[in-house]
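Down below is the structure, laid out as structure tokens.
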Amino acid sequence: MSAPDTAGGPYGSMESHLRARRDGGAKLLIPYVTGGYPGWMRAVEAAAAAGADAIEIGIPFSDPVIDGPVIQRASTAALDAGVTPASVLEEARDLDTGVPHAVMTYYNLCHHQGHERFAAALTEAAVSAAILADLPYVEAGGWLEAAAEAGIEAILLAAPTTPEHRLAELCAASSGFVYAVGLLGVTGERAALARTATEIAGRCKAVTDRPVLTGVGIGSPEQAVEACEVADGVAIGSAVVRTLMADGPEAVGDLVATYRSALDHG
């Protein structure tokens with residue numbers, strides 16, 4: 001049960017876009033930016049201009065169970081400033097990047113609004129896809145149906161602990177791409193790429209032709225290149241958000257450019 005290829009915001013289907021880039025020989029790069037944090041929209045646009053293939057926009061949530069300390073700090077700052085899901089999506093509508101956007105958040109926000117209303121809000125914000133980080137695949141049926149009906153691609157997470165009998169089913173149900181979670185634990189930069197990062201990507205690629213991106217625990221361009229020896233691409237979160245908080249949105253573009261160059265020449 002996956003969203004049709006006609007899904008997507010103003011830049012079309014995320015999956016079609018990523019497939020075309022992958023099939024043209026590119027390694028995929030998707031940065032994550034915390035929505036609502038000061039300068040976040042400029043950071044998104046800078047990341048896209050620096051070569052991102054798509055953008056993840058985080059909708060801050062009060063109990064972000066998968067987020068490590070860096071992203072939690074950014075989310076807390078945004079929430080303390082009065083940011084809401086509606087305000088992030090309203091601003092997202094004004095982004096002009098030329099690449100598809102996904103939101104990444106937690107199921108409670110979707111459940112509170114109702115699946116159909118949440119999907120409609122994403123569509124109105126010109127969002128192509130959504131990641132609900134704490135919604136298990138086995139409990140996602142209602143959301144998958146509502147997302148597909150609204151033309152939102154529902155990206156599912158495959159963890160190192162996902163059993164073999166479930167993995168092919170999960171990959172088939174995901175749309176946009178399959179998010180291969182590189183390690184057990186929260187997001188954050190690590191000194192070395194976890195062995196599980198390439199293992200889970202390889203397991204996913206063995207059962208699907210859908211783009212497979214590794215995220216969580218990638219701490220440098222060199223680790224991104226290593227992950228892409230197996231995966232089709234990488235999602236980069238904590239490094240991007242840390243840079244936004246420390247050095248501002250223009251520096252995010254500089255950081256993404258270093259990842260883009262490494263992946264293009266690695």
Side-chain angles (χ1 to χ4, degrees), residues 9-11 14 30-50 52 54-114 117-135 147 152 155 157 176 179 186-189 215-216 235-256:
Y11 308 114
M14 177 168 290
I30 303 184
Y32 166 101
V33 175
T34 301
Y37 189 85
W40 81 272
M41 295 177 68
R42 180 64 199 123
V44 165
E45 290 167 348
I55 305 288
E56 286 180 31
I57 299 167
I59 298 181
F61 181 60
S62 57
D63 188 22
V65 293
I66 198 175
D67 292 332
V70 170
I71 294 176
Q72 283 198 28
R73 281 201 303 275
S75 295
T76 298
L79 291 171
D80 288 347
V83 166
T84 66
S87 69
V88 171
L89 293 178
E90 185 175 349
E91 290 187 314
R93 210 173 2 229
D94 295 330
L95 288 167
D96 182 16
T97 64
V99 299
H101 304 155
V103 298
M104 186 169 186
T105 192
Y106 292 87
Y107 178 64
N108 189 61
L109 297 181
C110 173
H111 175 72
H112 179 71
Q113 278 193 266
R117 286 180 59 204
F118 184 73
L122 299 184
T123 300
E124 291 169 9
V127 167
S128 298
I131 305 165
L132 300 180
D134 60 343
L135 178 62
I152 296 295
I155 297 164
L157 281 70
Y179 196 119
V186 297
T187 62
E189 300 158 89
V216 183
I236 307 296
S238 294
V240 173
V241 175
R242 175 180 50 77
T243 299
L244 172 60
M245 291 193 295
D247 301 312
E250 301 304 330
V252 168
D254 295 338
L255 177 72
V256 170

Grab the two heavy atoms, one from Ala92 and one from Ile57, that are nearest each other, plus how far apart they are. CB-CD1, 4.3 Å
Tyr32: which of Ile131, Ile236, Val44, Ile71 passes side-chain contact (heavy atoms from CB on, under 4.5 Å): Ile71
What are the two closest heavy atoms between Trp40 and Val88, and how far apart are they? CZ2-O, 3.9 Å
Closest approach of Gly36 and Val83, non-hydrogen atoms and distance? O-CG2, 3.5 Å
Under 6.0 Å from the CZ atom of Arg117, do we count more than 12 heavy atoms belonging to anything else shown? no
Heavy-atom closest pair, residues Ala52 and Pro31: CB-CD, 3.4 Å
Residue pair Ile30 / Ile55, side-chain heavy-atom distance below 4.5 Å: no
Please name the pair of heavy atoms, one in Ala43 and one in Leu244, separated by the smallest distance, quoted to 0.1 Å. CB-CD1, 4.0 Å
Roughly how far apart are Asp254 CG and Thr243 OG1, rounded to 0.5 Å? 9.5 Å
Could you check if a side-chain atom of Leu135 sits within less than 4.5 angstrom of a side-chain atom of His111, using non-hydrogen atoms only? no
Starting at CZ of Phe118, measure out to CD1 of Ile59 and round the result to the nearest 0.5 Å. 5.0 Å
What closest approach, in Å, do Arg42 and Glu250 show between heavy atoms, and which atom pair accounts for it? NE-OE2, 2.7 Å
Leu109 CG to Phe61 CZ distance, which is reported to the nearest 0.5 Å: 5.5 Å
